[in-house]
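Note on naming: letters A, B, ... go to the chains in the order of the sequence lines (proteins, then strands), and numbering restarts at 1 for each one.
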Amino acid sequence: MTQKFTVLYFAAAKDASKAESDSFEWKEGITSQVLTQLLLDRHPTISTVLKSSMFAVNMEYMDQDSNWTVSPGDEVAIIPPVSGG
Amino acid sequence: MTQKFTVLYFAAAKDASKAESDSFEWKEGITSQVLTQLLLDRHPTISTVLKSSMFAVNMEYMDQDSNWTVSPGDEVAIIPPVSGG
Amino acid sequence: MKDIIKITEDIISLEDTVNLVKDPKAGAISTFSGTTRDNFEDKEVKTLSYEAYIPMAEKSVQSLITEARQKWEDLIHIAIIHKIGDCPVGETSVVIAVSSAHRRQGLDAVSWLIDELKVKVPVWKKEIYVGEDSKTGADGGQVWKANNTQP
Amino acid sequence: MKDIIKITEDIISLEDTVNLVKDPKAGAISTFSGTTRDNFEDKEVKTLSYEAYIPMAEKSVQSLITEARQKWEDLIHIAIIHKIGDCPVGETSVVIAVSSAHRRQGLDAVSWLIDELKVKVPVWKKEIYVGEDSKTGADGGQVWKANNTQP
């Protein structure tokens, strides 16, 4: 059975991708670099916003300098610069 | 015609003097020291609260170290330590 | 730019006070409310009563507002309302509400205004304590407070 | 000690929020309200619209509250409510209300909480500007904001 993970798009990322969420097939070794490439392959228009965005995995911000990989079933969110308040 | 000035008592000063206000006869040279004596002569019970109080003349705090005298018609207030808020 | 100053026996409404400072140019409204606590050190407070030298208190609050406007140019409207008379536990004794274009100056001004008010404005608080003997309902003494305690 | 956290499409009432944090042990209630301004730089703002990653926003606000309680032990109840969806000029987008025994820690906590919220909580604001052509009523463009501007 294929394992999946989910990507959520918000604000400018949602406008650029024209999607609220996507399902991706999971494989070993999806680092932030690999994830970025997967996202660009699916939504080339997301390039600009992705550069200024952070990733959150299962509702935790991921440190951009640390090593992490996506696990099966993860909820990955693209978080453009926030502007609440 | 005799000239006067008024003294107002608040909070602990009012409790000690059992008065809300008094009228005093004005004369030349009523410094804060002279005023203190006039008040103690009229209300001996006010001694303690007077030591921790400030004077306000016409609704302005008087600097304790500066020289000032009461003018005819002045409204002098005894201001115990404040506790608003 | 409105300065709203009231020393009043009426119950203070935070909502009404905030409505007085609302403005389409405001991005921030900061407020402070002082409320009567049910205890002071080990004693149980029954009620507070406030007294003011009203005209001087109003003048002195106006001076604080004028000084605040010199320190912080971003302030729009400022309302300071102080209750006098009885103020039972839980009731509001003072409200400060400030609208500002951006948040930082409004927050700082509210903080500064309440600190200054507590030191300079001629208002006095008498705390009346609950008596030991609950049957007679007698007061457990009373004392005029001084604002030299913990901010 | 209550933590009240809401991300909601409903209009926010400051009075209701403050009522949630009232406590007989509280001597102070400090609040901050963010409201929609009618302008940004030279552009006239027609409306704001907020979007949130709701479950993460709630979790992230909870983390801020937990951190605030570690920094300031005097805090009693804390309420943080953020509106999502449309937020016309003058309307409240966020309210923070904190009760505390004494004033200093409550004021400092409110100030810190709104600063942190603006940096960390996944909520986004879109500003929709009034169009040049008032006859057609067309929007004057829109932009997702980022909180790197003046606090």
Side-chain angles (χ1 to χ4, degrees), chain B residues 4-24 32 35-36 38-40 42-66 68-85, chain C residues 5-8 12 32-37 40 48-64 80-85 87 92-96 110-127 141-151:
Chain B
K4 308 267 191 185
F5 68 94
T6 304
V7 175
L8 305 181
Y9 306 92
F10 294 99
K14 184 164 67 179
D15 289 354
S17 68
K18 301 201 193 315
E20 294 203 353
S21 69
D22 275 326
S23 185
F24 283 81
S32 69
L35 178 62
T36 299
L38 286 173
L39 291 165
L40 290 175
R42 185 153 325 175
H43 301 291
T45 51
I46 214 176
S47 171
T48 309
V49 59
L50 211 51
K51 279 176 194 144
S52 64
S53 295
M54 295 185 73
F55 290 118
V57 177
N58 300 326
M59 304 198 286
E60 292 285 347
Y61 287 113
M62 290 293 105
D63 189 334
Q64 284 180 302
D65 299 323
S66 76
W68 53 273
T69 56
V70 177
S71 300
D74 271 357
E75 179 175 281
V76 177
I78 299 169
I79 313 278
V82 300
S83 47
Chain C
I5 297 163
K6 269 191 236 169
I7 312 287
T8 175
I12 302 176
F32 174 81
S33 306
T35 52
T36 300
R37 282 192 295 150
F40 173 72
L48 294 191
S49 181
Y50 283 94
E51 175 180 330
Y53 180 9
I54 296 177
M56 182 171 167
E58 288 170 344
K59 194 181 165 203
S60 149
V61 169
Q62 180 62 66
S63 301
L64 295 183
I80 300 186
I81 304 185
H82 203 302
K83 192 176 183 326
I84 50 174
C87 198
T92 302
S93 52
V94 64
V95 167
I96 297 180
V110 165
S111 189
W112 182 86
L113 283 164
I114 183 63
D115 282 357
E116 291 289 308
L117 181 148
K118 291 206 164 223
V119 174
K120 294 193 178 156
V121 177
V123 174
W124 298 271
K125 169 166 63 180
K126 182 187 262 179
E127 283 187 356
Q142 53 184 49
V143 64
W144 288 104
K145 308 292 292 181
N147 276 342
N148 51 3
T149 52
Q150 182 181 358

Mind listing the closest non-hydrogen atom pair of C/Lys59 and B/Glu60 along with its distance?
NZ-OE2, 2.8 Å
Is [X] in contact with chain B via its backbone, its side chain, both, or neither, using a 4.5 Å heavy-atom distance?
{"X": "C/Lys118", "value": "both"}
{"X": "C/Ala57", "value": "neither"}
{"X": "C/Tyr53", "value": "both"}
{"X": "C/Val119", "value": "backbone"}

Taking C/Trp124 for its side chain and B/Phe10 for its backbone only, find out whether a donor-acceptor pair lies under 3.5 Å.
no
Give a yes or no answer on whether the side chain of C/Tyr50 reaches the backbone of B/Ser83 with a donor-acceptor pair at less than 3.5 Å.
no
4.5 Å side-chain heavy-atom contact, B/Asp15 and C/Lys126
yes
Which of B/Gly85, B/Ser52, B/Pro81 touches chain C most, by non-hydrogen pairs under 4.5 Å:
B/Gly85
Counting only heavy atoms not in B/Glu20, do more than 12 sit closer than 6.0 Å to its CD atom?
no
Which residue out of C/Gly34, C/Pro55, C/Ser93 racks up the most heavy-atom pairs below 4.5 Å with chain B?
C/Pro55
